[in-house]
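The first residue in the sequence is number 1, and the count goes up from there.
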Amino acid sequence: MVVQEGRPRPGPHRSGPSRTPGEAIGWAAAVAVPLAFLAVLFFWPVATLMGRGLAPDGALDLTGFAEVLTAPRTWRILAQTLTQATAATVICVVLGVPGALVLYRRSFPGRDLLCGIVIVPFVLPSVVVGVAFHALVTKGGPLGGLGLDGTLTAVVAALVFFNYGLVVRTVGTMWSRLDPRAVEAARALGASPWRAWRTVTLPSLAPAIASAASLTFLFCATAYGVVLVLGGVGIGTIETEIYVQTAQYLNLRAAAVLSVVQLLVIAAALWGAERARAASTARLRLRLDVPATPLRRADVPALALTAVTIGGLLAAPVLVLVVRSLRRGGRWTLANYTDLGTRGQGGALLVTVWEAAATSLRAAVVAAAIALAVGSAVSLVVSRSPRSRALARAVSLLDAAFMLPLGVSAVTVGFGFLITLAPTGLTASWWILPLAQAVVAVPLVVRTLLPALRAIDSQQREAAAALGAGPGRVLLTVDGPHLARAGGLAAGFALATSLGEFGATSFLARPTEPTLPVVLYRLIGRPGAQNQGMGLAAGVILAVGTAVLMLGCEWLQNRWARREGARPGEPGTPTTSREALWQTD
């Protein structure tokens with residue numbers, strides 16, 4: 001059943017850090033280590049760069065705010081940023097919730113493959129996606145007659161392409177673990193399927209939907225490459241304007257002001273999402289092995305909408321990318337792929353695409369491991385609900401602090417790394433890439449793990465403690481299975497995000513050890529049919545590699561869940577045929 005509660009129920013169990021010395025040390029380390037990571041690799045670089053812009057002579061100079069905020073261009077860019085991000089977020093949620101139902105609550109042949117396909121766009125390099133969408137809407141393209149080239153519609157469609165899979169996966173993971181007995185009880189009392197979904201399932205999914213929507217808004221508001229390619233002269237975002245002011249005009253003061261504005265916009269979005277989550281959070285009884293059920297007649301609208309979305313919005317641009325990668329000079333050929341072992345036309349690259357792919361994979365694995373370690377510690381702390389008002393406020397601030405990397409321009413982070421960490425020699429080390437990528441991936445890991453941990457019924461922890469389990473065993477036996485189950489998805493997101501990260505990495509990757517997205521950008525920006533074709537072929541390779549990684553993480557996660565679910569007596573494991581029957585809907 002679903003137990004609605006705005007605050008944790010009073011009881012003998014302490015939901016915050018314990019007074020036991022061992023527990024206190026453990027919780028303190030879970031807070032201190034991630035905060036040190038964030039302080040050194042995020043706050044320090046960003047604050048230093050902003051200081052260069054707002055206090056160039058050592059004294060704070062706020063006149064830049066008046067200059068930038070009174071410029072009509074700034075308000076036009078801000079309005080466009082909010083319009084694009086809001087429209088794309090609403091569309092992603094409207095399309096993603098039915099997609100979550102079809103792909104995570106229903107079973108049919110090919111479902112696992114589709115689950116992998118919907119997340120591939122999330123990590124494709126934005127420049128490649130921009131080129132693919134431009135081929136769709138430009139003159140001579142399949143949609144060239146609609147006049148969408150350089151319009152807001154094309155930009156929003158590309159943003160939905162990127163983030164649809166994020167909503168589907170975040171909501172679907174939670175939906176696949178909801179105990180169906182509450183819905184069955186509502187139906188037994190005479191509620192129609194629609195009313196049962198609206199009054200029982202939707203409130204239970206609200207935290208996951210709010211989390212997915214906030215992440216989607218963040219990614220759309222900070223979009224850079226796709227807006228630069230598709231938006232034309234009249235459409236931009238705060239992110240693109242920061243790049244223009246920094247890289248083209250070297251106007252660090254204007255860039256710093258815009259970074260503050262962007263941070264305020266993202267902070268407002270996070271605050272709104274947190275308020276929505278806090279108002280609707282339900283302590284849910286999640287199960288680790290809720291079987292999917294066959295498709296029903298009532299699922300036809302959701303199935304049709306999902307099929308159109310995957311086929312028309314996701315598959316079409318990728319198909320264009322594949323087709324273009326197989327053509328050169330107006331002829332069908334595999335030359336673009338065979339040339340990936342070369343350094344491009346006119347020495348465009350210092351390494352081959354395969355060498356760059358190996359660098360990307362190595363850095364992504366290390367970055368994902370760091371992000372999972374830091375994100376898991378943060379999630380365990382933030383998921384608690386201390387009865388002390390001061391501790392509760394501190395937990396909320398910790399949660400918000402680790403969301404900030406999503407709201408700060410990647411240009412700001414990259415330049416900040418160069419300014420602050422160059423004297424330490426770290427920027428010359430290979431480790432700078434996975435560390436920078438981990439900073440970007442940690443918020444995703446936290447937002448993926450939190451809904452599962454927050455939904456754990458506190459009575460499970462109380463029961464384990466009452467039976468004599470120590471704090472460590474409570475974490476292992478109660479939080480552990482839920483953390484591990486969501487951890488597969490978190491690992492997939494961390495790997496995928498690190499593989500496709502381009503903003504900060506483009507400033508930090510050494511010329512002799514570039515990542516695959518950096519190589520893609522260089523190839524597409526170089527003249528010559530060979531370079532262009534190699535860039536598109538490399539984009540296909542990155543898409544396929546991402547799909548394999550995501551499917552592999554999900555397979556390992558599901559295999560672990562099945563193995564754990566097979567043990568009788570485990571939380572959420574059906575021990576009788578009656579309990580197994582309750583898990584069907």
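The number of heavy-atom neighbours closer than 6.0 Å to CH2 of W430, taken from other residues, nucleotides and ligands shown, is above 12.
When the side chain to side chain donor-acceptor pair (under 3.5 Å) test is applied to T505, the partners found at least two apart in sequence or on another chain are E501. A search for ring-ring contact (aromatic ring centres under 6.0 Å, His included) contacts involving F161 returns F133, not counting sequence neighbours. Under the rule for a ring-ring contact (aromatic ring centres under 6.0 Å, His included), the partners of Y521 that lie at least two apart in sequence or sit in another chain are F502. Remark: N163 pairs with no residue by the side chain to side chain donor-acceptor pair (under 3.5 Å) rule, at least two apart or across chains. Considering only residues two or more places apart in sequence or on other chains, R111 meets the side chain to side chain donor-acceptor pair (under 3.5 Å) condition with none of them. By the ring-ring contact (aromatic ring centres under 6.0 Å, His included) test, F219 pairs with F122, sequence neighbours left out.
Side-chain contact check for T359 versus V351: every heavy-atom pair is 4.5 Å or farther apart. No side-chain heavy atom of T48 sits under 4.5 Å from any side-chain heavy atom of F43. Side chains of L520 and V353 form no contact here, defined as non-hydrogen atoms less than 4.5 Å apart. In this structure, the side chains of V381 and L398 come closer than 4.5 Å at one or more pairs of heavy atoms. Side chains of V442 and F37 form a contact here, defined as non-hydrogen atoms less than 4.5 Å apart. Side-chain contact between P34 and V378 is present, with at least one heavy-atom pair separated by less than 4.5 Å. Counting only heavy atoms from C-beta outward, the side chains of V160 and L313 approach each other to under 4.5 Å. Counting heavy atoms from C-beta outward, T515 and Q437 have side chains that approach closer than 4.5 Å.
In this model, a donor atom of one side chain and an acceptor atom of the other lie less than 3.5 Å apart for Y337 and S325.
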Evaluation steps, side-chain contact (heavy atoms from CB on, under 4.5 Å), between R169 and T448: CA-CA 9 Å; R169 291 238 168 191; T448 304; over 6 Å; no
Trace of the side-chain contact (heavy atoms from CB on, under 4.5 Å) decision for N336 with L536: CA-CA 8 Å; N336 294 329; L536 294 171; 6.0 Å; no
L426/F417 under side-chain contact (heavy atoms from CB on, under 4.5 Å): CA gap, chis, key distance, verdict: CA-CA 9 Å; L426 187 58; F417 264 61; 5.9 Å; no
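Contact detail for V167 and V93: the closest heavy-atom pair is CG1-CA, 4.2 Å. A223 and L159 get closest at one heavy-atom pair: CB-CD2, 3.6 Å.
Separating the CG atom in L218 from the CD atom in Q262 is a distance of 9.5 Å, to the nearest 0.5 Å. From L508, atom CG reaches atom CG of L421 across 8.5 Å, with rounding to the nearest 0.5 Å. The structure places CG of L444 at 8.0 Å from CE of M403, a figure rounded to the nearest 0.5 Å.
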